Protein chains: 2
Amino acid sequence: MHLPQTAEYALRAMACIALKKDGRPVPSKVLARATGIPSHYLSKILRKMVEADLVTSQKGHGGGFRLAKDPSEIKFRSILATVDYKIEPNSCVFGWDECDSDDPCPLHNTWSQLKDSFQWWAENTTLQDVIDDPGKAESLLNPINATKAD
Amino acid sequence: MHLPQTAEYALRAMACIALKKDGRPVPSKVLARATGIPSHYLSKILRKMVEADLVTSQKGHGGGFRLAKDPSEIKFRSILATVDYKIEPNSCVFGWDECDSDDPCPLHNTWSQLKDSFQWWAENTTLQDVIDDPGKAESLLNPINATKAD
DNA sequence: TTTTTAATAGATATACAAGTCTATTGATAA
DNA sequence: TTATCAATAGACTTGTATATCTATTAAAAA
C-alpha cells in the first residue's frame with residue numbers, strides 16, 4: 001500500500017503543522033527538515049493547501065503556515081483531494097463507465113471491499129486523530145529547528 | 001482510491017483469464033480487447049505473470065495464456081507484487097526507517113488502519129472470488145473475439 | 001530605511017511509468 | 001513444407017510525476 005509521493009508528502013506536512021503546539025506558524029524550511037520533503041517541492045504542496053483553505057500562510061520574518069480551521073474539520077480526504085488524489089466513489093478498476101451493483105464489472109465486488117474501506121478511512125480520519133495520538137512527534141519540530149524559527 | 005495503471009491492468013487481465021470457462025488458453029490480443037489494455041503493453045505484463053508462475057503461456061496457433069494453478073491459490077497480493085506493487089507491512093508513510101507501535105511516527109496509527117485493511121484484502125482475496133461473483137463477465141470474451149481465437 | 005526572513009511564481013530539469021514499434025522465435029494447421 | 005498465428009525480446013518514444021533553480025514579493029526586525 002503506497003500513495004503517490006506527493007500525497008504522502010501532503011499528509012506528512014499537514015500532520016506536522018497540526019502538531020505545532022504554540023500558536024506560531026511553521027516555516028516551510030523547518031517543515032521540510034522535519035518531514036524529509038524537498039523544500040521547494042514542499043512549498044508547492046503548501047501553496048495548494050492555502051488555495052484549498054486548509055492552511056493559512058504568512059509572509060516575512062516569523063511567518064509560515066498554520067491550520068486554517070479546527071483540526072477535527074480537516075479530513076484526510078480533503079488533504080488528498082487537494083493534491084489531486086481523488087477518490088471517486090463510482091470509479092471502476094475495469095475502466096467501465098457504468099459499474100455498480102446492478103451492472104458490475106468482474107472485479108466490482110472484490111474491489112468495492114477495498115474501495116469502501118479506503119473511502120471510510122479518508123472521510124473519517126482527521127488531523128484531530130493525529131493530535132490525539134501523536135507518536136514520537138516531540139522530536140519532529142525539535143529545538144534545533146525550533147530555535148531558528150522562533 | 002486508485003492503483004498505478006499497471007497494477008490495475010494486471011488485476012483486469014488475471015480476472016479475465018480466470019473467467020475463461022473452457023480449458024483453452026486466452027490469446028493476449030483477445031485479452032487486450034476485452035480489458036481495454038494496450039495490446040503490447042499487456043504482453044509485457046503477462047510475461048511477468050509467466051515468470052512469477054501465475055500463468056502459463058503457449059506459443060503459436062491456438063496458443064495463449066491460462067492460469068498456472070487453482071484460482072483459489074492466486075492471491076491479489078501475488079498479482080500486485082508481480083508488477084512491483086509491493087505492500088511492505090513495515091513501511092512508514094512518514095519515511096522513518098523504524099516505525100512500529102513501540103516507536104510510532106505521527107501518522108502511524110491513522111495510517112495503520114488503512115494499511116492493515118489493504119493487507120487483509122490483498123492477502124485474502126483470490127481469483128476464486130472473481131469466479132464466484134463474475135459480474136457481467138459473459139460479455140467480456142464475447143463471440144466476436146472468441147470466434148477469432150477459436 | 002535597511003536587512004533579514006519567508007512565501008510566491010514560474011521556468012527548467014530529471015526520473016520513471018506508460019505506451020509503441022519492429023523483429024524474432026516457436027507452435028499449429030493446411 | 002509453407003503459411004499463419006501468437007508469444008517473446010528489446011529498442012524506442014511519450015507523458016507525467018517529481019524535483020530543482022532563480023527570481024520576486026511581502027512582512028517583520030534592526
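Since we're looking at a predicted model, the values are computed, not measured. Numbered from 1 within each chain, the chains take letters A, B, ... in sequence-line order.
Of the candidate nucleotides dA11(D), dT20(D), dA7(D), dA7(D) has the atom lying nearest to any side-chain atom of Ser57(B). In the set dA7(C), dA9(D), dA7(D), dA7(C) carries the atom at the smallest distance from any side-chain atom of Pro27(A). Across dA7(C), dA18(C), dT20(C), the shortest atom-to-atom separation from the side chain of Thr6(B) is found for dA18(C).
Phosphate proximity of dA7(D) to Arg47(B): absent, as no side-chain N or O sits under 4.0 Å from OP1 or OP2. Ser28(B) has no side-chain polar atom (N or O) that falls below the 4.0 Å cut-off from OP1 or OP2 of dA6(D). Contact annotation: Ser43(A) does not reach the phosphate of dA7(C) (side-chain N/O to OP1 or OP2, under 4.0 Å). Considering only side-chain N and O atoms, Tyr9(B) lies under 4.0 angstrom from the phosphate OP1 or OP2 of dG19(C).
Residue Thr82(B) holds its OG1 atom at 7.5 Å from CE of Met14(B), rounded to the nearest 0.5 Å.
Atom CZ in Arg24(A) sits about 15 Å away from atom P in dA28(D), given to the nearest Å. Atom NZ of Lys29(B) is separated from atom P of dT8(D) by 15 Å (rounded to the nearest Å). Atom CZ of Phe65(A) and atom C1' of dT5(C) are 13 Å apart (whole Å). Rounded to whole angstrom, the span from the CG atom of Leu46(B) across to the P atom of dA9(D) amounts to 13 Å. Atom NZ of Lys48(B) is separated from atom C1' of dA7(D) by 17 Å (rounded to the nearest Å). Residue Tyr41(B) contributes atom OH, which lies 18 Å from atom P of dT13(D) at whole-angstrom precision. Straight-line distance from the CD atom of Gln5(B) to the C1' atom of dA17(C): 10 Å, rounded to whole Å. Atom pair Lys44(A):NZ and dT12(C):P shows a separation of 13 Å (rounding to whole Å applied).
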* Asked: Just by protein heavy atoms under 4.0 Å, how would nucleotides 22-30 of chain C read 5' to 3' in B, S and -?
  -> B--BBBBS-
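Judged by distance alone, with hydrogens and angles left aside, the side-chain atoms of Lys115(B) form a donor-acceptor pair with the main-chain N or O of Ser91(B) at under 3.5 Å. With hydrogens and angles disregarded, no donor-acceptor distance shorter than 3.5 Å links the side chain of Lys75(B) to the backbone of Ala122(B). Between the side chain of Trp121(A) and the main chain of Thr110(B), a donor-acceptor pair closer than 3.5 Å is present. Not one N or O on the side chain of Arg77(A) forms a donor-acceptor pair closer than 3.5 Å with the backbone of Gln119(A).
Judged as a ring pair (Phe, Tyr, Trp, His ring centres under 6.0 Å), and not counting sequence neighbours, the contacts of His2(B) are Tyr85(A).
Inspection of the Gln128(B) and Asp132(B) side chains reveals an N or O donor paired with an N or O acceptor under 3.5 Å.
Residue Tyr85(B) is out of contact with every strand shown, counting any heavy-atom pair closer than 4.0 Å.
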